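Scroll down for the structure; my scribbles are underneath it.
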Amino acid sequence: MKTIEISSRMQVEMIDVTGEVRRAIRDSGVRVGVVFLFVPHTTAALTINENADPDVVRDMIMELNKIVPMNDGYRHGEGNSAAHIKSTLVGASETVLIEDGEPVLGTWQGIYFCEFDGPRRRKLHLKVMKG
């Protein structure tokens, strides 16, 4: 297993980690297989979405913040219930196929680490498997 360290700078942001995932696959030497990606945090998540137009990320954050507002009478004492809910909605893992030593992604797709309770230092675990 490999771990990528991520430092978020904002309370809510989506960080494109596609390049780091490509490097991890390349370093593994696996040409055909899968990469499992997992975020070991309850207030962060992982998703695959468009990475060509930065407005898509801004729109996603804007809508997530409308669906799950920061303050809404939550009972959790730490004051970060919105981050926990967003993490559950988006999800903590992704699986991506590998072909010719590259992740199989669509033309406009990128892999995003989603921070919902930053800024913080975070981890993204990867397991590259041949097959």
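Predicted, not measured: the structure shown is a model, and the values here were computed from it.
At least one side-chain heavy atom of I111 sits less than 4.5 Å from a side-chain heavy atom of L105. Considering only heavy atoms from C-beta on, V17 comes within 4.5 Å of L124 through its side chain. Counting heavy atoms from C-beta on, the side chains of E102 and R26 come closer than 4.5 Å. When side chains are defined from C-beta on, I61 does not count as touching R58, because their heavy atoms never get closer than 4.5 Å. Proximity of L64 to V90: side-chain heavy atoms (C-beta onward) are separated by under 4.5 Å at one or more points. Looking at V21 and V96, their side chains never come closer than 4.5 Å, going by heavy atoms from C-beta outward.
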Using the side-chain contact (heavy atoms from CB on, under 4.5 Å) rule, take I67 and K86 through it: C-alpha gap first, then chi angles, then the decisive distance, then the call. CA-CA 9 Å; I67 294 167; K86 289 172 188 168; over 6 Å; no
Report the C-alpha separation of V30 and M129 in whole Å, then their side-chain angles, then the decisive distance to 0.1 Å, and conclude whether the side-chain contact (heavy atoms from CB on, under 4.5 Å) test is met. CA-CA 7 Å; V30 170; M129 298 183 67; over 6 Å; no
Could you go through the side-chain contact (heavy atoms from CB on, under 4.5 Å) check for V32 and I98 one step at a time? CA-CA 5 Å; V32 176; I98 299 168; over 6 Å; no
Before giving the answer on side-chain contact (heavy atoms from CB on, under 4.5 Å), spell out for Y74 and V68 the whole-Å C-alpha distance, their side-chain angles and the decisive distance to 0.1 Å. CA-CA 11 Å; Y74 305 117; V68 185; 3.5 Å; yes
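Defined by atom type and a distance below 3.5 Å, a donor-acceptor pair is present between the side-chain atoms of T18 and D16.
In this structure a side-chain-to-backbone donor-acceptor pair under 3.5 Å is missing from E63 to K66. Side-chain atoms of R31 come within 3.5 Å of backbone atoms of D100 as a donor-acceptor pair (strictly under, hydrogens ignored). Checking side-chain atoms of Y112 against main-chain N and O of E13 turns up no donor-acceptor pair under 3.5 Å.
Summarising the geometry of A52 relative to W108, their closest heavy-atom pair is CB-CE3, 3.3 Å, with the distance given to 0.1 Å. Nearest heavy atoms, T47 versus C114: CG2-SG, 3.7 Å. Nearest heavy-atom pair across M70 and V12 is CE-CG2, 3.2 Å. Between K123 and P40, the shortest heavy-atom contact is O-CD, 3.2 Å. Closest heavy-atom contact between S28 and I25: OG-O, 2.6 Å. The two residues G110 and N51 come nearest to each other via the heavy atoms CA-ND2, 3.6 Å.
L126 contributes atom CG, which lies 9.0 Å from atom CE of M1 (distance to the nearest 0.5 angstrom). To the nearest 0.5 angstrom, N49 atom CG is 6.0 Å from M14 atom CE. Here the OG-CZ distance, from S8 to F116, works out to 11.5 Å after rounding to the nearest 0.5 Å. Taking CZ from R22 and CG from D27, the interatomic distance works out to 13.5 Å, rounded to the nearest 0.5 Å. Atoms CD1 and CG, from I15 and L46 in turn, are 11.0 Å apart once rounded to the nearest 0.5 Å. With rounding to the nearest 0.5 Å, the separation of CD in E20 from CZ in R23 is 5.0 Å.
Among residue pairs with one or both ends in residues 110-119, those qualifying as salt bridge (Lys or Arg N to Asp or Glu O under 4.0 Å) are E115-R122, D117-R120; sequence neighbours excluded.
Environment of CE in M62: crowded, with over 12 heavy atoms of neighbouring residues, nucleotides or ligands closer than 6.0 Å. For N71, the CG atom is loosely surrounded, since the number of other residues' heavy atoms within 6.0 Å does not exceed 12.
Contacts of H76 classified as ring pair (Phe, Tyr, Trp, His ring centres under 6.0 Å), with partners at least two apart in sequence or in another chain: H84.
A single hydrophobic cluster is not seen to contain both V57 and V39; linkage of ILVMFWY side chains at heavy-atom distances under 4.5 Å, directly or through other members, places them apart. The hydrophobic cluster containing M60 does not contain I85, counting ILVMFWY residues as joined when their side-chain heavy atoms lie under 4.5 angstrom apart, directly or transitively.
Between F113 and the choices L37, I6, I4, the side chain to side chain contact (heavy atoms under 4.5 Å, CB included) rule is met once, by I6.
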